[in-house]
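Written out below as structure tokens is the structure these notes cover.
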Amino acid sequence: MSTYEDRLKALREQLKRDRLDGFVVPLTDEHMSEYVGTYAQRLAWLTGFQGSAGSAVVLPEEAAIFVDGRYTLQVREQVDGAHWQYVGVPQSSVAQWLREHTSDGARIGYDPWLHTKTWVKQATEALASKGAELVAVDTNPVDAIWPDRPKPSRAKLIVHPESYAGRSAADKRQEIANWLVSKKADAVVLSALDSLAWTLNIRGQDVERTPVALAYAIVHADATADLYVAPEKLADDVLQHLGTAVRVHDRTSFAGDLEEFSGKRIVADPERAVAAIFDRLEQGGATVLELRDPAVLPKAVKNVTEIAGHKAAQARDGAALSRFLHWLSVEAPKGGLTEMSAADQLRAFREETGQLVDLSFDTISGAGPNGAVVHYRVEEKTNRLIEPGTLYLVDSGGQYRDGTTDVTRAIAIGTPSDEMRERFTLVLKGHIALARAQFPVGTRGSQLDVLARQYLWAAGLDYAHGTGHGVGSFLSVHEGPQRISSFGGGDEPLQPGMFLSNEPGYYKAGEYGIRIENLVLVERREVAGAEQDMMGFETLTFAPLDRHLVNVTLLSDDERAWLNAYHARVVEVVGPQLEGTARKWLEAACAPL
């Protein structure tokens, strides 16, 4: 099937054979992952969409693809509007669209290994209002028509030593066991790949950009565990690391074993465990407790070893990015530089550290109008020259054994326009406001989001994404439960030890994009005269901001002082790692305003 139109046609024919009137195709895997292995890239194969979040619905005569505001421009460039309707979320949803477009009595299929129980309930109710039915399939119809579908990765698991983790796996299992006892539960199913990796102090190579392994685990109230993983993925060092308290099983036996808990109280996370897990547990006679995965919060609150490792990774990564920015300042004016060649060079600087394991996500390297595509992914057909008079946006990061990085810079190529400088400075003011914020213990990210938007709002401007996401420790670059966002997911109280991004932006469709992103650490603050415990952010990312884009007249004295102090710290952290012209460039780029 050479075209996406052919694939859509083939899926409709397969649905007829399966006696289905429609099918839902999410972008996830059986672990509800954001970033998935190639074998699970069903949405991309079917539609051409290359973003990291989305869903599709195929009916006999119409089809729709659902994306959030980060992908509004991208989806139109990658998915043919002649065959697919573009639907924005959260303005709409798959369930709402099905309610409005499904015919009476229709049978709409879904793969229970790719959806949460909550989603199934919502979709079932929406279809019932039309006299339609949601039908669980045994075999995914997309898989049936995907002739060269990749196999799941066979890469070996990797031990994540305590020198990086800061705690032993036995200690973590015991913490979970104590939690289970407090809940009067017998065991918990860990299906989120990063939770399993954190709990057992293992990492993997099964998903590009995210060092996790395809596996499941069940942790019991006696602190033992069962690990379900393909046997060929286990080397002797991993087996020795796991020890006798972790029983190893073939991954293929996981679904059946879920039915062996009759009379037991088993915890499963309704947000992270797929519907099929709940179905199997209930069919086997278990009482299922719908509670949050107990690894989620301790994984998010980093210990002193993880914090120290992250700071080391940030210093190393900041030097690599600074070398790149110096290189860009020399090469871009010559002409001929492209988004792809720039991204390749940035990766090369990270690789020169000798400690890069992988990128933490595909580098967003956007020149001019491509920079306005929030999660732009450069490819041959979209690759633009980085030309004078434009803005270049680069959002990138690295996976190091001691930390995961994520940083965005917008750079003026040549002389920026007054509008570019004004809007960059409004974004900068919001970034500084969030970086300088002090807030009481118990504050949620949703309460802080407006700090970063206030100056854009005052000018009638905004950006269609959250302001901050959590970050893992040699794990996922997007980690919950903490977020800084006023729309969805910002309700987790912030705690000392959490990593977050601080990344306000502005995007002018068809012209340019601006985003300023540093990672920050939530820390306790001593405030004179305070009547409650206070917190704030320590900035962890160090690389120059483009001084040519700053309209100094728009900054207050305090904001200018913050920027000068930040740049002084960049020179202190990064400077010793640079030499010659790169060091001189850094000092000039960080000179006080």
Side-chain angles (χ1 to χ4, degrees), residues 4 7-8 11-12 14-15 18 20-36 40-72 74-76 78-81 83-137 140-143 270-279 375 464-465 487-489:
Y4 295 113
R7 295 172 186 182
L8 181 58
L11 179 57
R12 285 180 166 137
Q14 181 65 38
L15 294 180
D18 293 341
L20 294 172
D21 302 298
F23 190 72
V24 181
V25 184
L27 200 177
T28 191
D29 60 11
E30 57 272 33
H31 306 275
M32 294 307 298
S33 306
E34 176 183 14
Y35 298 107
V36 301
Q41 290 279 0
R42 298 176 179 89
L43 186 67
W45 180 84
L46 179 66
T47 69
F49 178 63
Q50 298 295 321
S52 61
S55 297
V57 177
V58 176
L59 299 179
E61 302 297 331
E62 57 184 333
I65 184 164
F66 301 75
V67 298
D68 63 41
R70 296 173 294 173
Y71 302 105
T72 301
Q74 182 175 340
V75 72
R76 285 162 173 76
Q78 295 176 338
V79 180
D80 189 349
H83 304 291
W84 296 89
Q85 299 176 31
Y86 308 123
V87 184
V89 295
Q91 297 88 344
S92 185
S93 67
V94 169
Q96 182 177 331
W97 191 89
L98 284 170
R99 181 188 297 114
E100 296 168 354
H101 293 260
T102 303
S103 58
D104 292 347
R107 288 166 46 85
I108 305 299
Y110 77 101
D111 186 336
W113 288 95
L114 300 178
H115 296 274
T116 65
K117 180 180 179 181
T118 300
W119 182 90
V120 171
K121 181 176 184 291
Q122 292 170 343
T124 298
E125 292 173 351
L127 289 169
S129 69
K130 293 291 295 287
E133 180 184 4
L134 189 68
V135 180
V137 300
N140 193 305
V142 176
D143 299 350
E271 183 180 339
R272 294 168 180 83
V274 296
I277 290 174
F278 288 89
D279 294 342
H375 274 202
H465 59 76
F487 46 92

Task: Pairs flagged by salt bridge (charged side-chain N to carboxylate O under 4.0 Å, His left out) wherever residues 44-65 is involved - sequence neighbours left out - done: none
TODO: For residues 97-111, pull every pair meeting salt bridge (charged side-chain N to carboxylate O under 4.0 Å, His left out), keeping only residues two or more places apart or in separate chains.
DONE: R107-E133
Results of salt bridge (Lys or Arg N to Asp or Glu O under 4.0 Å) for [X] - residues two or more places apart only:
{"X": "R12", "value": "none"}
{"X": "D80", "value": "none"}
{"X": "E125", "value": "K121"}
{"X": "K130", "value": "none"}

Residues forming a side chain to side chain contact (heavy atoms under 4.5 Å, CB included) with [X], sequence neighbours excluded:
{"X": "E34", "value": "S52, R70, H478"}
{"X": "T124", "value": "V120, L134"}
{"X": "E271", "value": "D269"}
{"X": "S33", "value": "D29, H31, V36, L193"}

Check [X] against [Y] and note the closest heavy-atom contact, atom names and distance.
{"X": "S92", "Y": "V87", "value": "CB-CG1, 3.6 Å"}
{"X": "W84", "Y": "V57", "value": "CZ3-O, 4.0 Å"}
{"X": "L27", "Y": "Q41", "value": "CD2-OE1, 4.4 Å"}
{"X": "L15", "Y": "V58", "value": "CD1-O, 4.1 Å"}
{"X": "A95", "Y": "A126", "value": "O-CB, 3.4 Å"}
{"X": "L8", "Y": "A63", "value": "CD1-CB, 4.4 Å"}

Can you tell if the side chain of [X] reaches within under 4.5 Å of the side chain of [Y], non-hydrogen atoms only?
{"X": "H101", "Y": "Q85", "answer": "yes"}
{"X": "V79", "Y": "V67", "answer": "no"}
{"X": "L59", "Y": "I108", "answer": "yes"}
{"X": "T116", "Y": "P270", "answer": "no"}
{"X": "F23", "Y": "D18", "answer": "no"}
{"X": "V89", "Y": "W97", "answer": "no"}
{"X": "Y86", "Y": "I65", "answer": "yes"}

Open item on the list: Quick one, V137 with L20, criterion side chain to side chain contact (heavy atoms under 4.5 Å, CB included). Give me CA distance, side-chain angles, the key distance, then yes/no.
Closed with: CA-CA 10 Å; V137 300; L20 294 172; 3.8 Å; yes
- [ ] List in chain and number order the residues that pass ring-ring contact (aromatic ring centres under 6.0 Å, His included) with F49, two or more places apart in sequence or in another chain; answer none if no residue qualifies.
- [x] Y71
Task: Side-chain (Q78) to main-chain (Q50) donor-acceptor, under 3.5 angstrom - done: yes
Open item on the list: One pair to check against side chain to side chain contact (heavy atoms under 4.5 Å, CB included): L43 and F66. What are the steps and the verdict?
Closed with: CA-CA 11 Å; L43 186 67; F66 301 75; over 6 Å; no
Task: side-chain hydrogen bond (donor to acceptor under 3.5 Å, both in side chains) against D21, all qualifying residues, sequence neighbours excluded - done: none
- [ ] Apply side chain to side chain contact (heavy atoms under 4.5 Å, CB included) to W113 and N140, showing your working.
- [x] CA-CA 9 Å; W113 288 95; N140 193 305; over 6 Å; no
TODO: Report the C-alpha separation of W119 and V24 in whole Å, then their side-chain angles, then the decisive distance to 0.1 Å, and conclude whether the side chain to side chain contact (heavy atoms under 4.5 Å, CB included) test is met.
DONE: CA-CA 11 Å; W119 182 90; V24 181; 3.9 Å; yes
TODO: Answer yes when R42 and D143 have at least one side-chain N-carboxylate O distance shorter than 4.0 Å, and no when they do not.
DONE: yes
